[in-house]
Structure formats: C-alpha cells, structure tokens
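Got a structure here, written out as structure tokens. Questions coming.
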Amino acid sequence: MLDTKMLRENIAQAQWRLRTRGDAADLSAFKELDEKRRELLKEAETLKEKRNSASVEIGRMKKDGTDASVEMAEMQKVSARIKALDELCADRERELNALLLMIPNLPHTTVPVGKDANDNVTVRQWGTPAQFKFAPLEHTDIGESLGIIDAGRAGKLSGARFTLLKGAGALLERALISFMLDLHTKRHGYTEVLPPFIVKGEMLVGTGQLPKFEADLFKIDGWDSYLIPTAEVPLTNIHRDEILEDEALPVCYAAYTPCFRKEAGSYGKDVKGLIRQHQFDKVELVRFTRPESSYEELELLTGNAEEVLRQLNIPYRVVALCTGDLGFSAAKTYDIEVWLPGQGRYREISSCSNFEDFQARRAGIRYRPKGGKPRFIHTLNGSGLAVGRTLVAVLENFQQEDGSVVIPEALRPYAGGLEKIDKKR
RNA sequence: GGAGAGGUGGCCGAGUGGCCGAAGGCAGCUGCCUGCUAAGCAGUUGUAGGGGUAACACUCUACCGAGGGUUCGAAUCCCUCCCUCUCCGCCA
C-alpha cells in the first residue's frame, strides 16, 4: 500500500511512475475520496469536541442539582449528527482503502523502464553452459527413464500439474532442501523457520496477493484461509502489527515450505515436467531492514540465492526486471535464471525483491529507530531457491551420455553419499 | 466436541457510568545525589488520524480483544464474535 501523505503531495509523479508499470490505476479517484473523507472527519471531530465539553458540563450541573434537560436534548441531536458523519466517513475510508489495496507499488528509480519481459536487463552472468557431445535431454525424459519422476501416477492421484518423485528423485529433492537451508542458516546468517502452510486471508492482504490475485490461490472451503502460495506470506507476516527494535535489524528468516498455486491463466504453458506445478517446494529468504539499507540488502539477498547455484556449479544469469514486468508489491526485482541444457535456455529459478514499505504498511510492521518514533520497515524476499526447478537444473546439467546423472559434490553429503543416479535395468 | 475462567499501556496490575489515556508497581529515559556493588530523590515515558508549522511547538479526535447497541456521557451496562488458559473427551 502506498503512503497517502506521499500520494497527496506527489500525485502527478506517482501517477507517471504507475504508468511505467503499465498499470491503469487512476489516482484522481483517490484524490477525490481522500478530500471528501478529510472534510467529513473534520466536521465530525469538531462536533465530538463540542459534545465532550458539554458532557462534562452536564455532569457538573447534575451534581449541583441544576436542570440539564435542555443541554441533554441539544446533545442528543449533536450525537445523532456525529453518528451520521462517522458512518459517511467510514464509508469513504473503506472505499479509499479498497482503492489503495488495488494500487501496485511504485518502481524504484534504478528499475529499467520497459514494457514486458523483453525489456529486462541482464546484469551479470556466472558459469559457462557445458558443451554436450550428445543431444541433452529434458528433465522429463531423464526423470522418466531413471524412474525417479512419475508424472502419470501423479496425474492419477491429483490431476495435471502435480508430480510424484520416487527413489533417488525424492531423495534429491530432500537433499536440496537441507543443503539450501544449511547454506543460508550456517553461512548467510538466516534463522530457520517452519511456518504453517495455511494462513488467514488478511496475511495475504499484508504481502499483496490479496485482494487482487484471489484467482491464483487455493482457498480452504468454509474457512477464510488459504494454502500458502509462497513462504513469503507467513514469513513476512510473522512480525505483523509489531514494532521491532533497531538493534535487532536486519531480521532474516529462511524457510522451506511447499507452495500452492492455481496457475490460473497459464494454460498451455510448461504443461509437462516440474517447471510449473500446483504444488512445489521452495526455500524462501526474507529480510526485514532499515529503509536506508534496503537496497544494499537486496544485493546481499540476491547474492545469497546465487550462492546456491555457485555451490552446485550450475550456470545462471541475473536479470533486473523492467517496470512493466515487476510484480504487484515489488519496487525492484532481480530474477535469477538458471541454464537448462535440455531446453537450451535460461529459466527463472529465483525472484529477489525489495518491497520497501509497501508490505510493511499493509501488515503494520514497524521498527523503532534509536530514540525516535516508529517507522515502517522495509521488507525483502527471494527464493533461495525454487527446489523443483533446481532439481530440473541438476538433472539437465549433470546428465551423462549413458543416461545417468552425476550428483554435484556439494549435494552428496545430503544425499547419503550418493554420487550418481544410474538407469535401472 | 463438552464444562469453566479470563482478555486493560513494553510487562505486572487496579479500576462497574462523568473528575480515566486510564491508580500503583516494574522496566525505560532525563536531571540530581552518592566514590562501593542490579542503592536513593525528583521529573518524564503509548499509538494512530485530523488541524497547524519550513520543521518543531501546539491543538483536537480516536484507541482498555473485535464489532454493534443503550446513554447527554462507557474501560465500566447490554448483544454478537474472536482469542487465551484450565478440566474432560478425541487424536499425530
């Protein structure tokens, strides 16, 4: 949610910045509602002041035994007027709030202006895609032939966009999760969290998935609760309605969770394989920071996520999303794209964003600067990494001509010493 | 699922219609005092919104789990809901 005071003072500039994201929000509606609300509020508060002082006077008169019925009758009318004004004001406020909840964050000044993913800018590249002496297979083929991915039976159980990992596949998924969590907790200083996988609707409002993106979420029938689409939701909302101490910052959490998404509107996209699933595993990183340092910390966070791929020795590149490709709540985002030889291209495996105070304002997360008034904190998060896609990257990058897959060394201790997945005969 | 108890400021804890934004204590901050150990004295310390200011100051309004109601006036009375705790049942 954007700051109303800021909007009031910079409405033209804010409108322009929203346009660069391709957002159609019209801020003149905001302006109108905001002015109307303040007008009503002023009138109501003036009357309340009057009522308060009159009530004290009435109390005094009654104690003295003076007749106060005239004053009481007068105040009865005032109270009725106040009630009416309060209702009108609350209506405006609700409308205003509903409007603000649908307006996306403003892009940071360093975000390249552009229309869509084609205008994203590659900021760095790491590793060199391996040259294969044979035609590299896609992970689906590798997985099926090794007997570690069973798409058919997953379909029988749950339908399209679900998967079933088996044997070394399941082991590898688990190894990747442990490997990533260890890296982030032991080397990067994150505190491990295992949050609930079901959260209340208001939490999703806090991080920005609601109210606008309800269609992407799995709602629990009969409850105002949802399956989490990402650990970002429970992690960021951990400190909802809290004031963090300055010395505690930055607060950094890492969590493994499954993620549940309807993938509405992606029909026909990535229909086979592990790339796009209704349920997938992810290790998520979240940081709560002071506003002054949030952009430095975005670089840090992105680096933390990249380190996973460096350790695994898998080539990737980092892309700065342009204004038109930014997510709803983000002020700036880097995507990490991993090299997939089977597909012959880079695919998104992580998304690291600074939300500035956009989520903090929605979720009421503040901190107290030394000796100062509470301020909204800045929230950041990033995948570190999407586990299923990392498994895909491992299978495709380390496939051998004989159909086996060599396990990256960093992963072996987590996979019970397994060095290679061989074809079953 | 059944029975009972309770939700007040950073914490503990008073407060059953006006003098309560809320006693008292603890913690915190400021000043003083004292060369002796987490001592003593005085003062001070919530959040949000509106108005106001260059910015302060200042000022008004709201907030005692949430939402309604009664009343000139509600932390205090009434209704609904939520949450926590204890006991029983069930369960991983």
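Proteins get letters first, then strands, A, B, ... in listed order; numbering begins at 1 in each.
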Compare the minimum distances between each of B:G50, B:U61, B:U47 and the side chain of A:K5, then state the nucleotide with the smallest one. B:G50

Of A:G372 and A:T46, whose nearest nucleotide on RNA chain B comes first from the 5' end?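 Per heavy-atom nearest nucleotide, the more 5' residue is A:G372.
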
How far does the P atom of B:G13 sit from the matching atom of B:G6, given to the nearest Å?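 So the two P atoms sit 14 Å from each other.
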
Pair up each side-chain donor or acceptor in residues 200-208 of chain A with any protein partner under 3.5 Å, not counting sequence neighbours, and list the distances.
unit_1, atom_1, unit_2, atom_2, d
A:T207, OG1, A:M203, O, 3.2
A:T207, OG1, A:Q209, OE1, 2.7

Could you work out, with side-chain hydrogen bond (donor to acceptor under 3.5 Å, both in side chains) as the rule, every residue matching A:D67, not counting sequence neighbours? A:S69

B:U47, OP1 or OP2 - any side-chain N/O from A:R368 closer than 4.0 Å? yes

Closest to the A:N52 side chain: B:G49, B:U61, B:C72? B:U61

Send over the distance from A:I58 CD1 to B:G18 C1', rounded to a whole Å.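 So the CD1-C1' distance, A:I58 to B:G18, works out to 10 Å.
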
Just do the side-chain contact (heavy atoms from CB on, under 4.5 Å) check on A:I198 and A:I228 with the steps written out, would you? CA-CA 6 Å; A:I198 292 175; A:I228 55 170; over 6 Å; no

For RNA chain B, what string of dots and brackets results from 5' to 3' when Watson-Crick and G-U pairs need both distances under 3.5 Å, crossing pairs get [ ], and pairs with another strand get |? ((((((((.[[[..)..(.....]]]((((((.......))))))((((((......)))))).[[[[[..)....]]]]])))))))....

Which nucleotide in the set B:G50, B:U47, B:G18 lies at the smallest distance from any side-chain heavy atom of A:R8?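 Out of B:G50, B:U47, B:G18, the nucleotide with an atom closest to A:R8's side chain is B:G50.
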
Name the residue from A:R38, A:K36, A:K31 that meets the side chain to side chain donor-acceptor pair (under 3.5 Å) definition with A:D34.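 When A:R38, A:K36, A:K31 are each tested with A:D34, the side chain to side chain donor-acceptor pair (under 3.5 Å) holds only for A:R38.
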
Pairwise C1' distance for B:G9 and B:G2, with rounding to whole Å: 36 Å

C1'-based separation of B:G31 from B:G49 [nearest Å]: 34 Å

Rounding to a whole Å, what distance do you find between A:L47:CG and B:C60:C1'? 13 Å

Please pick, from B:C60, B:A48, B:G50, the nucleotide with the shortest atom-to-atom distance to any side-chain atom of A:L41.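 Selected nucleotide (nearest to the side chain): B:G50.
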
Below 4.0 Å: OP1/OP2 of B:U71 and any side-chain N or O of A:S79: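 For B:U71, OP1/OP2 do not have a side-chain N/O of A:S79 under 4.0 Å.
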
Ignoring hydrogens and angles, does a donor from either the side chain of A:E45 or the base of B:G51 sit under 3.5 Å from an acceptor on the other?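 Flag unset: no donor-acceptor pair detected.
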
Distance check, P atoms only: B:G46 and B:G10, in whole angstrom units.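 Taking atom P in both B:G46 and B:G10, they lie 10 Å apart.
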
Can any side-chain N or O of A:Q13 pair as donor or acceptor with the backbone N or O of A:E9 at less than 3.5 Å?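 Pair absent, no side-chain N/O of A:Q13 close to backbone of A:E9.
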
Need to verify one output field. Residue with the more 5' nearest nucleotide on RNA chain B, A:V56 or A:Q76? A:V56

Short side-chain N/O contact from A:K63 to OP1 or OP2 of B:G18, under 4.0 Å: no

Can you check the distance between B:A14 and B:A23, where both ends of the measurement are the P atom (answer in whole Å)? 14 Å

With a 4.0 Å limit, can you tell me whether A:R38 has a side-chain N or O closer than that to the phosphate oxygens OP1/OP2 of B:G51?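 Checking A:R38 against B:G51: at least one side-chain N or O falls below 4.0 Å of OP1 or OP2.
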
Side chain A:H184, main chain A:L285, donor-acceptor under 3.5 Å: no

What distance, rounded to whole Å, do you find between the two P atoms, one in B:G65 and one in B:G7? 8 Å

Taking atom P in both B:G43 and B:C26, what distance in whole Å separates the two?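 Looking at atom P only, B:G43 and B:C26 are 14 Å apart.
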
Within the pair A:K48 and B:G50, is there a side-chain N or O less than 4.0 Å away from OP1 or OP2?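 Negative; the distance criterion is not met.
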
Which pair of heavy atoms, one from A:D325 and one from A:D116, lies closest together, and at what distance?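 Between these two residues, the closest heavy atoms are CB-C, 4.3 Å.
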
Just by modelled atom types, is the A:M6 backbone N or O under 3.5 Å from a matching donor or acceptor in the A:N10 side chain?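 Answer holds: yes.
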
Under 4.0 Å between a side-chain N/O of A:R51 and OP1 or OP2 of B:U61, yes or no? no

Rounded C1' spacing from B:U86 to B:C81 in Å: 22 Å

